[in-house]
K.L.:
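Sharing a structure below in structure tokens format, with a few things to ask.
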2 protein chains.
Amino acid sequence: MVNSEAKTPRERYRAQVQAEIKERAWEQIATAGASALSLNAIAKQMGMSGPALYRYFAGRDELITELVRDAYRSLADTFAATVRTGSDVTALAHALRTWALDDPHRYFLVYGTPVPGYHAPDDITAIAREIMAPLLDACARLPEDRPATPFDEYLEEHRDWAEGHPAPAAVLHRALTFWTRLHGALSLELAGHFTGLGFDPARFFAAELHELTGSPE
Amino acid sequence: MVNSEAKTPRERYRAQVQAEIKERAWEQIATAGASALSLNAIAKQMGMSGPALYRYFAGRDELITELVRDAYRSLADTFAATVRTGSDVTALAHALRTWALDDPHRYFLVYGTPVPGYHAPDDITAIAREIMAPLLDACARLPEDRPATPFDEYLEEHRDWAEGHPAPAAVLHRALTFWTRLHGALSLELAGHFTGLGFDPARFFAAELHELTGSPE
DNA sequence: TCACCATAGTTAGAGGTTATCACTGAAGTT
DNA sequence: AACTTCAGTGATAACCTCTAACTATGGTGA
């Protein structure tokens with residue numbers, strides 16, 4: 001998070017303050033959500049006046065964009081670290097769930113309700129695809145024991161997003177459903193739509209995962 | 001939406017103003033999202049000063065709660081109307097998608113990122129369950145051609161949320177996955193996570209639906 | 001018809017926010 | 001030692017929510 005490559009003392013100071021701002025911002029987001037993020041409050045917490053923060057971030061939007069970027073980055077790193085241990089798609093799913101439960105607001109910063117005027121910068125969409133890569137790899141290692149569906153064929157002709165990944169369309173399809181189904185279960189759980197329903201969200205998540213991989217529960 | 005049952009002229013006027021406030025609020029939400037909803041701006045649009053709105057809503061939170069309630073109500077009515085025509089689970093799914101695409105912000109008001117301090121009143125959770133009923137009915141009419149899973153058995157012992165619905169656990173499971181999977185596909189589509197990926201979200205939605213019902217694509 | 005009163009809408013203001021501006025003072029550089 | 005760069009300041013504008021006190025008006029009971 002902190003750029004320790006900085007040479008001059010000024011750059012190091014700047015990087016450190018910038019990092020502390022982000023840290024406070026994450027605390028605020030974790031407790032009250034992104035919409036309640038207040039530059040003023042952060043400044044006050046850090047013992048300086050409001051406008052001082054504008055030396056470090058052009059405004060609230062830029063700070064949030066930075067946080068969104070960090071959130072994406074964090075998930076991408078988590079996935080990369082998981083796959084580096086030779087883990088399968090199940091481990092990836094649990095890594096996702098752990099990452100999400102670890103800080104639900106961070107999850108919603110990535111996959112939650114979009115801000116209307118906002119469009120993610122290119123480097124963020126690049127990280128989004130970087131997240132996809134380990135998922136595709138893991139899905140490619142799964143046994144292909146399912147009959148090809150019409151959507152598989154369609155996907156074969158619309159596989160731009162795989163960016164040259166050699167996996168067959170059935171694998172792409174599996175990765176896609178992995179993403180959307182686990183997001184469906186996870187986001188509703190995190191948003192509290194399962195509370196009071198009497199069943200354990202973890203078990204439902206596991207059930208969805210098992211149906212995804214085809215392995216017995 | 002408008003309470004035309006009002007007796008006195010004052011009540012009718014009041015109901016009408018209240019309805020117009022909500023209408024303007026929906027416009028604002030549609031263009032700038034719920035977080036950008038401004039009572040002041042609504043008042044100015046309606047040609048009156050800010051504090052006047054407090055005669056109609058106790059505050060911003062109450063207005064948003066009302067809008068959330070209306071959104072739930074709208075979805076429940078849409079489902080009820082769909083099921084009244086003797087439609088199956090497929091029609092229900094398309095009704096959901098149409099309803100969501102019709103006003104994405106309304107969808108996110110119901111199923112999107114939760115507001116941190118906010119807890120839905122009882123009558124809203126009641127509508128949420130009211131939404132579940134037609135879905136359970138439709139799923140019960142589907143042929144049961146799948147082997148029972150361990151999660152089915154687990155669900156049999158945790159079926160409080162079905163509220164006395166006679167459907168077997170397999171049906172509950174199906175309704176649950178219907179909900180979460182379609183939400184997963186839909187919410188990612190609405191949030192723009194599929195843009196630039198090259199495939200048609202409608203086709204993916206259809207593919208998920210077909211896998212859900214077991215019918216050929 | 002007239003007086004009354006409940007209520008819609010007003011202005012003023014407290015306290016919060018983002019953000020810009022001109023300025024000060026200190027740190028690093030030459 | 002002089003100079004330049006830049007972090008942080010207070011003042012200010014323009015918003016926001018929400019409260020309080022006041023005015024004006026339309027419906028209603030005597």
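Chain letters run A, B, ... following the sequence lines, proteins first, then strands; residues in each count from 1.
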K.L.:
Looking at A:A120 and A:I124, what are the two nearest heavy atoms and their distance?
P.N.:
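That would be CB-CG2, 3.9 Å.
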K.L.:
DNA chain D: A:Y13 or A:R10, which has the more 5' nearest nucleotide?
P.N.:
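Result of the comparison: A:R10.
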K.L.:
State, yes or no, whether a side-chain contact exists between B:T177 and B:E208 at a heavy-atom distance under 4.5 Å.
P.N.:
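No, every pair of side-chain atoms sits at 4.5 Å or beyond.
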K.L.:
Are A:E211 and A:R181 close enough for a salt bridge, meaning some N to O gap below 4.0 Å?
P.N.:
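Salt bridge between A:E211 and A:R181, a charged N being under 4.0 Å from a carboxylate O: no.
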K.L.:
Nearest heavy-atom pair of B:G198 and A:D160: which atoms, and what distance?
P.N.:
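So the two residues come closest at CA-OD2, 4.1 Å.
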K.L.:
So do the side chains of B:W26 and B:H105 get within less than 4.5 Å of each other, counting heavy atoms only?
P.N.:
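With C-beta onward as the side chain, the pair stays apart.
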K.L.:
Does some side-chain heavy atom of B:E62 sit less than 4.5 Å from a side-chain heavy atom of B:Y56?
P.N.:
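No, too far: nothing below the 4.5 Å cut-off.
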K.L.:
Atom CZ of B:R12 to atom P of D:dG26: distance rounded to whole Å?
P.N.:
16 Å
K.L.:
Do NZ/NE/NH1/NH2 and the carboxylate oxygens of B:R73 and B:E66 come within less than 4.0 Å?
P.N.:
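Here B:R73 does not pair with B:E66 in a salt bridge, since their nearest N and O are not under 4.0 Å apart.
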K.L.:
Within the 4.0 Å heavy-atom criterion, would you say B:S49 contacts the bases, only the backbone, or no part of the nucleic acid?
P.N.:
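Base contact.
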K.L.:
Counting only heavy atoms and a strict 4.0 angstrom limit, can you tell me which residues of residues 36-44 of chain B come near DNA chain C?
P.N.:
none
K.L.:
Which listed nucleotide (D:dG8, D:dT19, D:dG10) is nearest to the side chain of A:M48?
P.N.:
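Closest of the options to the side chain of A:M48: D:dG8.
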K.L.:
Would you grab the first and last nucleotide of DNA chain C (5' to 3') that comes under 4.0 Å of any non-hydrogen atom in chain B?
P.N.:
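Extent of the interface on DNA chain C: C:dA6 to C:dA12.
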K.L.:
Hey, can you pull the residues of residues 52-68 of chain B with a non-hydrogen atom under 4.0 angstrom from DNA chain D?
P.N.:
B:Y54, B:G59, B:R60
K.L.:
Are the side chain of B:Y72 and the backbone N or O of B:I131 linked by a donor-acceptor pair below 3.5 Å?
P.N.:
no
K.L.:
Is there a donor-acceptor contact under 3.5 Å from the side chain of B:D88 to the main chain of B:A91?
P.N.:
yes
K.L.:
Might you work through the side chain to side chain donor-acceptor pair (under 3.5 Å) test for A:Y154 and A:H173, ending with a clear yes or no?
P.N.:
CA-CA 10 Å; A:Y154 168 79; A:H173 188 180; over 6 Å; no
